[in-house]
Engineer: 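The structure under discussion is supplied below as structure tokens; questions concerning it will follow.
Numbered from 1 within each chain, the chains take letters A, B, ... in sequence-line order.
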Amino acid sequence: MPDPTPAAVQSVHGRDCANSAHHSVLGGACLPGPRSASSRPMKPKASSEHEDQVGKAGGKITPRAEDYPQWYQDVIREAEMAEPAKVVKGCMVIKPHGYAVWEKIQRELDGRFKATGHKNAYFPLLIPQSFITKEAEHVEGFAPELAVVTHAGGEKLDEPYVIRPTSETVIGYFFSRWVDSYRDLPLLMNQWANVMRWEKRTRMFLRTTEFLWQEGHTAHANHQEAQEEVQRMLGVYGDFAEEVMAMPVIRGVKTESEKFAGALQSSCIEAMMQDGKALQAGTSHDLGQNFGKAFNVQFQTQAGNREYVWQTSWGVSTRLIGGLIMTHADDAGLVLPPRLAPIHVVIVPIFRSDDERSRVMAAAERIKAELVDIDISPPRARYRDFLEVVIDDRDMKPGAKFYDWERRGVPVRVELGPKDLEKDQVCVKMRVDSEAGKGKEFIPQAQFIATIRERLAKFQDALLAAARARLAARSVELNTWDEFLKTFAGEQSSFAWCHWDGTRETEARIKEQTRATIRCIPLPGQGPAPEPGQCIVTGKPSAQRVLIARAY
RNA sequence: CGGGACGUAGCCCAGUCUGGUAGGGCGCCUGGUUCGGAUCCAGGAGGUCGCAGGUUCAAAUCCUGCCGUCCCGACCA
């Protein structure tokens with residue numbers, strides 16, 4: 001069971017606890033709390049020894065309506081989520097605040113993978129080039145974006161290594177060594193890793209040359225089991241996106257031309273960003289026996305025959321963070337759903353004199369001490385999760401702090417001043433006005449503490465509801481090509497549900513003329529109820545509508 | 001990889017056309033004043049102008065190449 005102490009040691013200065021000067025002062029611990037409560041002069045100087053940049057931001061965030069791509073860049077910079085690596089093309093540095101969100105994503109997903117029977121493992125970063133070429137479609141799909149290691153140890157390698165763009169091949173090789181009998185199946189694995197794809201155009205989080213992800217790889221005795229696994233994990237992704245990220249998604253199947261290179265079929269979840277564009281947020285592939293045959297992954301059946309395994313693979317990446325930003329953030333900066341927020345509550349002390357300062361800080365510490373013991377673990381979680389609370393005792397004007405924490409997306413802000421102490425109350429402001437709270441609320445301290453869980457839950461629900469409303473509002477059923485052209489005029493995008501004749505030619509034509517693509521063929525219950533109709537381009541018969549949108 | 005924009009102090013940018021001692025704002029440091037939505041005053045630190053060549057008495061500025069960023073395409077599970 002994790003000790004709740006980590007919640008208590010976090011501070012605005014805690015982002016770089018490696019600072020040696022800081023450690024010497026504090027005896028090796030990064031504990032701002034007691035320090036803050038002592039009778040120090042009003043102008044704290046300890047923070048000046050940190051290299052952190054809290055309070056240094058303050059740059060402009062371009063309004064979404066003015067320039068959406070610029071807004072996206074601005075939010076990432078101002079929230080200090082990440083920055084371009086500069087020295088390595090297309091790569092990024094995920095900064096502490098961004099990485100903390102990724103860690104939360106990891107923990108949530110990892111728990112769900114384990115609950116569905118998967119075990120984590122780790123495979124090599126480098127893959128022999130010959131492996132990649134063993135599956136015909138796979139090599140065709142990935143060859144253009146491979147980075148290759150040709151020299152090592154001062155010598156040219158006999159066979160170059162490819163830096164993994166994905167690990168089906170190397171894992172296929174090991175599966176062939178590990179699987180002998182039907183008793184070895186199913187083999188259910190996952191790895192958390194970095195991969196590299198030399199993309200022509202990169203965007204922070206959405207498509208970077210190197211990115212972090214998880215890739216699940218499983219082997220099964222028959223196709224049906226594999227297909228069930230594909231659906232199971234797509235379900236995990238969909239639930240995670242909606243329950244944890246508060247990001248509604250459409251679950252569906254990719255068309256032939258959009259599927260994973262080497263798969264029989266690819267399933268996906270597609271989310272809508274605030275500009276109406278789609279983001280492929282996760283995929284789950286039915287690999288059939290393609291890799292089983294390429295890497296000779298055979299097993300003996302109960303009847304004694306030798307058969308190739310049926311494999312699946314599924315993954316989500318740091319792209320999810322981009323999706324999170326473009327789902328919830330606003331013109332004031334990042335907005336984080338409580339279940340992924342590294343910090344849930346920030347307490348901003350308000351004071352004038354030294355006397356007020358010490359009284360307010362003491363009260364803030366008391367409130368924090370109560371809050372950090374509150375268990376906010378999700379239902380059935382295998383770990384305990386506690387409220388993360390920060391007291392912002394920086395020497396800045398309160399208003400400046402408000403802007404700062406809003407940019408970082410902290411869900412709840414508490415203002416605590418002398419007036420509040422007199423009335424035993426706190427001033428609460430939610431990051432986004434919703435049912436969880438509107439404007440500044442003045443409520444008794446005890447009530448705030450007693451209801452914080454409910455408040456966060458409501459906030460989480462409100463974000464999902466708002467995103468669902470947006471998805472509904474920008475989803476349209478289109479029946480004529482004229483309507484279609486109008487919907488995708490200029491840079492616009494919506495989720496267009498249209499009939500399609502099922503041919504690759506029509507799909508290509510739609511893309512050529514509008515740059516919109518078929519995002520998926522929806523699964524039952526996703527999108528409009530299936531009803532036959534006529535293809536929006538050719539007028540040929542169609543069994544159901546498909547989802548078409550511009551995509552990131 | 002094509003088209004466009006760009007790279008000057010931690011951040012945002014002016015200066016480049018028309019070559020001549022590197023500037024501003026924010027942030028940072030010191031002191032004071034303030035503190036419930038981005039205080040104010042005074043003083044101060046910080047830059048081989050993305051990198052490498054070239055032209056020139058002289059290059060942030062002109063020329064060539066390279067690297068990187070952003071946007072639009074092509075490409076992309």
Engineer: So A/D420, base contact, sugar-phosphate only, or nothing? Heavy-atom distance under 4.0 Å.
Structural biologist: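 Result for A/D420 = base.
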
Engineer: Tell me what A/E145 touches on the nucleic acid: a base, only sugar-phosphate, or nothing, going by heavy atoms under 4.0 Å.
Structural biologist: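 The residue A/E145 makes sugar-phosphate contact but no base contact.
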
Engineer: Would you call A/R408 and A/E80 a salt bridge, using N to O less than 4.0 angstrom?
Structural biologist: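 A/E80 and A/R408: salt-bridged.
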
Engineer: Nearest to the side chain of A/K429, which nucleotide is it out of B/C72, B/A77, B/G37?
Structural biologist: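 For A/K429, the side-chain atoms sit closest to B/G37.
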
Engineer: Quote, to the nearest angstrom, the C1' distance that separates B/G43 from B/G53.
Structural biologist: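 Pairwise C1' distance, B/G43 against B/G53, rounds to 43 Å.
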
Engineer: In terms of side-chain geometry, is the basic nitrogen of A/E258 or A/R504 positioned less than 4.0 Å from the acidic oxygen of its partner?
Structural biologist: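 No, A/E258 and A/R504 are not salt-bridged.
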
Engineer: Between B/C26 atom P and A/D404 atom CG, what is the distance in whole Å?
Structural biologist: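 One finds 18 Å between P of B/C26 and CG of A/D404, rounded.
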
Engineer: By nearest atom, which of the nucleotides B/C72, B/G36, B/C1 is closest to the A/E491 side chain?
Structural biologist: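 Of all the options, the side chain of A/E491 is nearest to B/C72.
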
Engineer: On RNA chain B, compare the nucleotides closest to A/I350 and A/C91; which residue's is nearer the 5' end?
Structural biologist: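 Of the two residues, A/I350 wins.
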
Engineer: For atom P, what is the distance between B/G19 and B/U61, given to the nearest Å?
Structural biologist: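 B/G19 and B/U61 have their P atoms separated by 12 Å.
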
Engineer: Any idea which of B/G68, B/C75, B/C72 is nearest the A/P69 side chain?
Structural biologist: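 Nearest listed nucleotide: B/C72.
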
Engineer: Report yes if a donor N or O on one partner sits less than 3.5 Å from an acceptor N or O on the other, where the partners are the side chain of A/R407 and the base of B/A38; otherwise report no.
Structural biologist: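 Yes, a donor-acceptor pair under 3.5 Å.
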
Engineer: Which part of the nucleic acid does A/F211 contact within heavy-atom distance under 4.0 Å: base, sugar-phosphate only, or nothing?
Structural biologist: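 It contacts base atoms.
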
Engineer: Measure from the side-chain heavy atoms of A/A400 and tell me the nearest of B/C70, B/A38, B/C72.
Structural biologist: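 Of the options given, the side chain of A/A400 lies nearest B/A38.
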
Engineer: For B/G68, what is the paired nucleotide under Watson-Crick or G-U wobble rules, both distances under 3.5 Å?
Structural biologist: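 When the pairing criteria are applied, B/C6 turns out to be the nucleotide that pairs with B/G68.
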
Engineer: Can you name the residues that form a side chain to side chain contact (heavy atoms under 4.5 Å, CB included) with A/P165, not counting sequence neighbours?
Structural biologist: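 A/I132, A/F142, A/L146, A/V162, A/R197.
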
Engineer: Which part of the nucleic acid, if any, lies within contact of A/T283, taking any heavy atom under 4.0 Å across all strands shown: a base, the sugar-phosphate backbone alone, or nothing?
Structural biologist: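 If one applies the 4.0 Å heavy-atom cut-off, A/T283 turns out to touch a base.
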
Engineer: Check every atom of B/C71, B/A38, B/G36 against the side chain of A/R203 and return the nucleotide holding the closest atom.
Structural biologist: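 When the side chain of A/R203 is considered, B/C71 is the closest of B/C71, B/A38, B/G36.
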
Engineer: In whole angstrom, give the distance that lies between atom CD of A/E78 and atom P of B/G27.
Structural biologist: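 In whole Å, B/G27 P lies 13 Å from A/E78 CD.
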
Engineer: Would you state whether a donor and an acceptor, one from the side chain of A/R413 and one from the base of B/G37, lie under 3.5 Å apart?
Structural biologist: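 Checked by distance alone, the answer is yes.
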
Engineer: For B/A22 versus B/U16, give the span between their P atoms, rounded off to a whole number of Å.
Structural biologist: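 The same atom, P, in both gives a distance of 16 Å.
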
Engineer: Quickly, which of A/S167, A/S313, A/S317 forms a side chain to side chain donor-acceptor pair (under 3.5 Å) with A/E215? Name it, please.
Structural biologist: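 Only one option passes, and that is A/S167.
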
Engineer: Checking contacts here: which listed nucleotide (B/C71, B/C76, B/G36) is nearest the side-chain heavy atoms of A/Q73?
Structural biologist: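 The closest nucleotide is B/C71.
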
Engineer: Using the P atom in both, what is the distance from B/G68 to B/C26, to the nearest Å?
Structural biologist: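 It works out to 35 Å between them.
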
Engineer: Any base atoms under 4.0 Å from A/G262, or only sugar-phosphate, or nothing? Heavy atoms, all strands.
Structural biologist: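 Nothing, no heavy atom under 4.0 Å.
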
Engineer: Output, in order, the C-alpha distance, side-chain angles, deciding distance and verdict of ring pair (Phe, Tyr, Trp, His ring centres under 6.0 Å) for A/F175 and A/H217.
Structural biologist: CA-CA 10 Å; A/F175 275 15; A/H217 294 271; 7.2 Å; no

Engineer: Roughly, in whole Å, what's the span from CE in A/M196 to C1' in B/A77?
Structural biologist: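 To the nearest whole Å, that distance equals 17 Å.
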
Engineer: Please identify which of these residues, A/K401, A/R413, A/R431, meets the side chain to side chain donor-acceptor pair (under 3.5 Å) condition with A/E406.
Structural biologist: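 Filter result, single survivor: A/R413.
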
Engineer: Which nucleotide, B/C11, B/G36, B/C76, lies nearest any side-chain atom of A/P418?
Structural biologist: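 Of all the options, the side chain of A/P418 is nearest to B/G36.
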
Engineer: May I ask you to say what A/G90 touches in the nucleic acid, namely base, sugar-phosphate or nothing, with a heavy-atom cut-off under 4.0 Å?
Structural biologist: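 Counting heavy atoms under 4.0 Å across all strands, the contact made by A/G90 is with sugar-phosphate only.
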
Engineer: Can you tell me the Watson-Crick or wobble partner of B/U18, both distances under 3.5 angstrom?
Structural biologist: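 In the structure as shown, B/U18 has no Watson-Crick or wobble partner.
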
Engineer: Report yes if at least one side-chain N or O of A/Q280 is closer than 4.0 Å to OP1 or OP2 of B/C76; otherwise report no.
Structural biologist: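 A/Q280 to B/C76 OP1/OP2: no side-chain N or O under 4.0 Å.
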
Engineer: Quickly work out the A/F351 CZ to B/U34 P distance and round it to whole Å.
Structural biologist: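 Rounded to whole Å, this separation is 14 Å.
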
Engineer: On a whole-Å scale, what distance lies between the P atoms belonging to B/C51 and B/A5?
Structural biologist: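 Result for the P pair: 22 Å, nearest Å.
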
Engineer: If pairing requires Watson-Crick or G-U wobble contacts with both distances under 3.5 Å, which nucleotide is the partner of B/G43?
Structural biologist: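 B/G43 is paired with B/C29.
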
Engineer: Using only heavy-atom distances, determine whether the side chains of A/E507 and A/S257 contain a donor-acceptor pair under 3.5 Å.
Structural biologist: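 The criterion, which ignores hydrogens and geometry beyond distance, is satisfied for A/S257 and A/E507.
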
Engineer: To the nearest Å, give me how far apart CG (A/D74) and P (B/C12) are.
Structural biologist: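 It is 10 Å, rounded to the nearest whole Å.
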
Engineer: What I want to find out is whether A/R232 reaches A/E229 closely enough, with some N-O distance under 4.0 Å, to be called a salt bridge.
Structural biologist: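 Salt bridge between A/R232 and A/E229, a charged N being under 4.0 Å from a carboxylate O: yes.
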
Engineer: Using a strict 4.0 Å threshold on nitrogen-to-oxygen distance, state whether A/R357 and A/D354 make a salt bridge.
Structural biologist: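 No salt bridge links A/R357 with A/D354.
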
Engineer: Quick one: do A/E270 and A/R251 make a salt bridge, cutoff under 4.0 Å?
Structural biologist: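 Not counted as a salt bridge, because no side-chain N and carboxylate O are separated by less than 4.0 Å.
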
Engineer: Could you tell me how far B/U21 sits from B/C12 if I compare only their P atoms? Round to whole Å.
Structural biologist: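 Taking atom P in both B/C12 and B/U21, they lie 27 Å apart.
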
Engineer: Salt bridge or not for A/K429 and A/E415, using N-O below 4.0 Å?
Structural biologist: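 No salt bridge links A/K429 with A/E415.
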
Engineer: Examine B/U39: is either OP1 or OP2 under 4.0 Å from a nitrogen or oxygen in the side chain of A/K397? Give yes or no.
Structural biologist: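 So the side chain of A/K397 is within the cut-off, an N or O lying under 4.0 Å from OP1 or OP2 of B/U39.
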
Engineer: I want to verify a distance call: between B/G68, B/C70, B/C75, whose nearest atom is closest to the A/K89 side chain?
Structural biologist: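 Output: B/G68.
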
Engineer: With P as the reference atom in both, quote the distance from B/C49 to B/G20 in angstrom, rounded to an integer.
Structural biologist: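 Each nucleotide's P atom is 15 Å from the other's.
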
Engineer: Taking the side chain of A/R201 as heavy atoms from C-beta outward, which of B/A38, B/C72, B/A77 is closest to it?
Structural biologist: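 Nearest listed nucleotide: B/C72.
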
Engineer: Looking across every strand, which nucleic acid part, if any, lies under 4.0 Å from A/K401 by heavy atom: base, sugar-phosphate, or nothing?
Structural biologist: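 A/K401: no heavy atom of the nucleic acid under 4.0 Å.
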
Engineer: Heavy atoms under 4.0 Å, any strand shown: does A/C268 hit a base, just sugar-phosphate, or nothing?
Structural biologist: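 Here A/C268 touches no strand at all.
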
Engineer: NA contact type, A/K254, heavy-atom cut-off 4.0 Å: base, sugar-phosphate, or nothing?
Structural biologist: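 Result for A/K254 = nothing.
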
Engineer: Starting at atom CD of A/E66, determine the distance to atom P of B/C70, rounded to an integer number of angstrom.
Structural biologist: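 Answer to the nearest Å: 19 Å.
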
Engineer: A/Y403 stacking on B/A38: centroids under 5.5 Å, ring planes under 30°?
Structural biologist: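 The base of B/A38 is stacked with A/Y403 (centres under 5.5 Å, planes under 30°).
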
Engineer: Could you give the CD-to-P distance, from A/E80 to B/C11, as a whole number of Å?
Structural biologist: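 Interatomic distance, CD of A/E80 to P of B/C11: 12 Å.
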
Engineer: Between A/F402 (CZ) and B/G36 (P), how many Å, whole number?
Structural biologist: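 Roughly 7 Å, once rounded to whole Å.
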
Engineer: Near RNA chain B, under 4.0 Å by heavy atom, which residues of residues 120-132 of chain A?
Structural biologist: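 Result for residues 120-132 of chain A: none.
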
Engineer: From the options B/U34, B/A77, B/G68, select the nucleotide whose nearest atom is closest to the side chain of A/F142.
Structural biologist: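 Out of B/U34, B/A77, B/G68, the nucleotide with an atom closest to A/F142's side chain is B/A77.
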
